[in-house]
Amino acid sequence: MDHAPISADREVKLFAEVILPLALPVNYTYRIPDSLSGKVVPGKRVAVQFGKSRLYSALVRRITDSFPSRYAPKEILEVLDDEPIVNDVQFSFWDWMASYYMCSKGEVMMAALPASLKLSSQTQIVLNRDSLEREVTLSENEALIQQVLQQQQVLSVRDVASLLNRKTVMPLIKSLLDKGIVYVSEQLSQGYRPRTAVYLQLDPAYRDTEKLKELYQLLEKAPRQLDALMTYMRLAKHRTGWVPKKDVAEESGVSSGVIQALIEKEVFHAEIREVSRLAAHETGFPPEGNAQAFSPAQERAYHQTRTQLQSRDAVLLHGVTASGKTLIYIKLIEECLEKGQQALYLLPEIAITEQMTRRLRARFGNQLAVYHSRFNDNERGEIWKKVSQGTCRLVVGARSALFLPFQKLGLIIVDEEHENSYKQFDPAPRYHARDSALYLAGLHRAQTILGSATPSLETFYNASEGKYGLVKLPQRYGDVMLPETVVVDMLRESRKKATHSHFSGLLLEEIRKSVEQRKQVILFRNRRGYVPLLQCHTCGYIPQCLNCDISLTYHRSSEKLVCHYCGYSEKPLASCPACGSHHMEQKGFGTEKVEDELKILLPEVRISRLDLDNTRSKNAFQQILNDFEDGKVDVLVGTQMVTKGLDFHNVNLVGILDADSLFRYPDFRSFERSYQLMVQVSGRSGRRTERGKVIIQTTSPGHPIIDLVLQNDYDAFYRSEIEERRQFSYPPFFRLITVHLKHKNEEYLAEKAASFASLVKSRFGSRVLGPQIPLVSRVRNLYLRNVLIKIDREKDSLSKVKEILGVCLTEMRARHKSLLIQVDVDPL
DNA sequence: AGCACGCCGACT
DNA sequence: GTCGGCGTGCTC
């Protein structure tokens, strides 16, 4: 420094560590060119070249001055943002997520940023006009692009590729950039385009009432146009007010051509205006009057919540359906906003955000924004900005809303905490929004409310152990009645010959009654397929999976024996492969069989089925639900799926078939699901004065858990559930780690999965509680083979597990580079 | 993720 | 003899 004063200012921060939007294990370092020094700041996006030809917008993580000795860093090409788009808290959150869910920071970044903020092949290039005056030697293709750009202003990288009909187009663009022919479009940094709408105004000439009358008469001949005009008059507050054209069209039901005719007649003036997307959603929801008053029970629950929050960061609000949790949320949000902080309201599914938004909008108006993946990128970009600026104080959203750039978050509400759609599955990070919310709240020193009528086992456990506060709201509005619960002893019934296949006489009778009353029925059976187990009557042989030590389930619809763990399937055999006997016994029954037999017993009843097997295609799930909700189906037979996303308003009967299997290992969730079903049905039917009915068919009617259900003692039921699992040395608080192995070659994959499993086993030793289950499912044309590791979640366990698993992963990756390995951490 | 390189079998 | 598939390695 003393000897080279010139280098003094070069000595300052020269390199930037950036996160690339890829699944790369580490961050990469780029040189900050002199021209950009000072502009490169953590949290801003920069355009960088990565590899030979690819351009990415990367996110600056930190600035360093240490010269990387192992490689020659490339330069940052451009800074894309004037201000950081990601703040420090977010970075901490990302870091945690990457480490907790064992994925790369790039993958977290991909999940976190709305599409408008991450760009890759959509990168736009524009012509540098100055370059036209210069003499530059260009290749044929380069000249072509230059030519096209003279006419077309902007081209995306993809456009260029299709224009030249080739894939490797980046070097060409790089060369064009180097030669100064093009530059990266500013649009790249713009992020989003504002939304516009056409607004209508009545020509001021018609302010005069006489003139207006004339106009009405004139339009007698054009009734549609008159309709449009009348609608406008109704919608406009003043005679010359501006009204969105779309509103007029929708309200009056006329086509836009009709309105266009009125514009041409100069009855209306049209103007294109920029509209805020947030405001667009606000229209139509005028603020409703005052806050509803608390009931005494709500008042009590509210004060308990406040008290609990003084000593704890999170509270479980355990309130039965329709007990008025929302009002308590609203009050807590109000207080949070009054303190000048932001609040986040998480909902498990986009579908139910609508009604909740309405309610919250009435209270919080335009301080509120809705954020989920159904919104287009531009809208999401706008909300991102508003949250960052603090203009938007309350966000209602699905799990992706966790990633918004909150400045000072004071409260997170996780509603319907038990819903498993809070868990992200396919692309990494495979995060659980509830767990992540708790961590995020910790970073902000914010408070978390977990709300549910039927809390998940793990949350209930945490609350009963004192980790979270616990507030109950057991009373319902209008003293709603619980459903009548009837236990049918199937052994006794069958001895009395009162059963028809798997149905008790009572259940069949009740189904018939419900259908007659035009009510609907849900039948819950936690086994899919036709028969879960076949056995040779002569020698006792049971067809089993080659990979997994479980019996194969017979599926009649596909005529196959299928392994429900790994997906292996084979043709059913006419005779026993062990002894040749033709007498194969069918043991047990699945949803397919329930559906089949019910169709025979009650041919006039419309029956539909909802389970994994018939919802494989994209819309099938929604289609079946819609048909049920529209009343096209009387009885819905299904697995745990029936507890999700259903509107129960017309359901007055739930049948739980073979309740015994619900208590048995290894059905972690089955009982929970059937309980949810009961609670929900009772909640909904309770709103209307009538009482729903639940019929539990079991062979062990004296079972303590069934007794608890009959007493409707939810807490006791859960405690006993926890106790029971402990007795089995099978704690309820597991961590399931799934390792996804992806490869195109199935045999190769099977082999690697086996070797990975044995590697894990040798490292984990006794910590592997469950079997290693290879699970193969077809994902696009890749195969996914999972290794499940169940681990006791003691205090030190997770970090230890991760340490060991980390070693296994590294070893495996080092040995088989072509194998894609990803890890999924489940809450239970 | 993409892309290049090198190794194999299968073709004009 | 080359073409092209697939496994492997690498990208600041």
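Chain letters run A, B, ... following the sequence lines, proteins first and then strands; every chain starts at 1.
Rounded to whole angstrom, the span from the CG atom of A:L24 across to the C1' atom of B:dC3 amounts to 13 Å. Whole-Å rounding puts the A:L22 CG to C:dT11 P distance at 14 Å. Spacing between atom CE of A:M110 and atom P of B:dA1 amounts to 9 Å, rounded to whole angstrom units. Rounded to whole Å, atom P of C:dT11 lies 12 Å from atom CZ of A:R70. Taking atom OH of A:Y71 as the reference point, atom C1' of C:dC10 lies 14 Å away to the nearest angstrom. Look at CG on A:L55: it is 14 Å from C1' on B:dC3, rounded to the nearest Å. In this entry the distance linking CZ of A:F50 with C1' of C:dC10 reads 8 Å, nearest Å.
The side chain to side chain contact (heavy atoms under 4.5 Å, CB included) test applied to A:Q147 returns A:L144, not counting sequence neighbours. With sequence neighbours excluded, the residues forming a side-chain hydrogen bond (donor to acceptor under 3.5 Å, both in side chains) with A:Q424 are A:R399, listed by chain and number.
For the pair A:Y56 and B:dG2, the criterion of a side-chain N or O lying under 4.0 Å from OP1 or OP2 is met.
Residue contacts shown for A:L20 are absent, as no nucleic acid heavy atom lies under 4.0 Å away. Counting any heavy atom pair closer than 4.0 Å across all strands shown, A:Y30 reaches sugar-phosphate atoms only and no base atom. Nucleic acid contact class of A:P73 (heavy atoms, under 4.0 Å, all strands): sugar-phosphate only.
The main-chain N or O of A:F425 is found under 3.5 Å from a side-chain atom of A:R430 such that the two form a donor-acceptor pair.
Using cut-offs of 30° and 60° on the angle between ring planes, the pair A:W96 and A:F93 is parallel.
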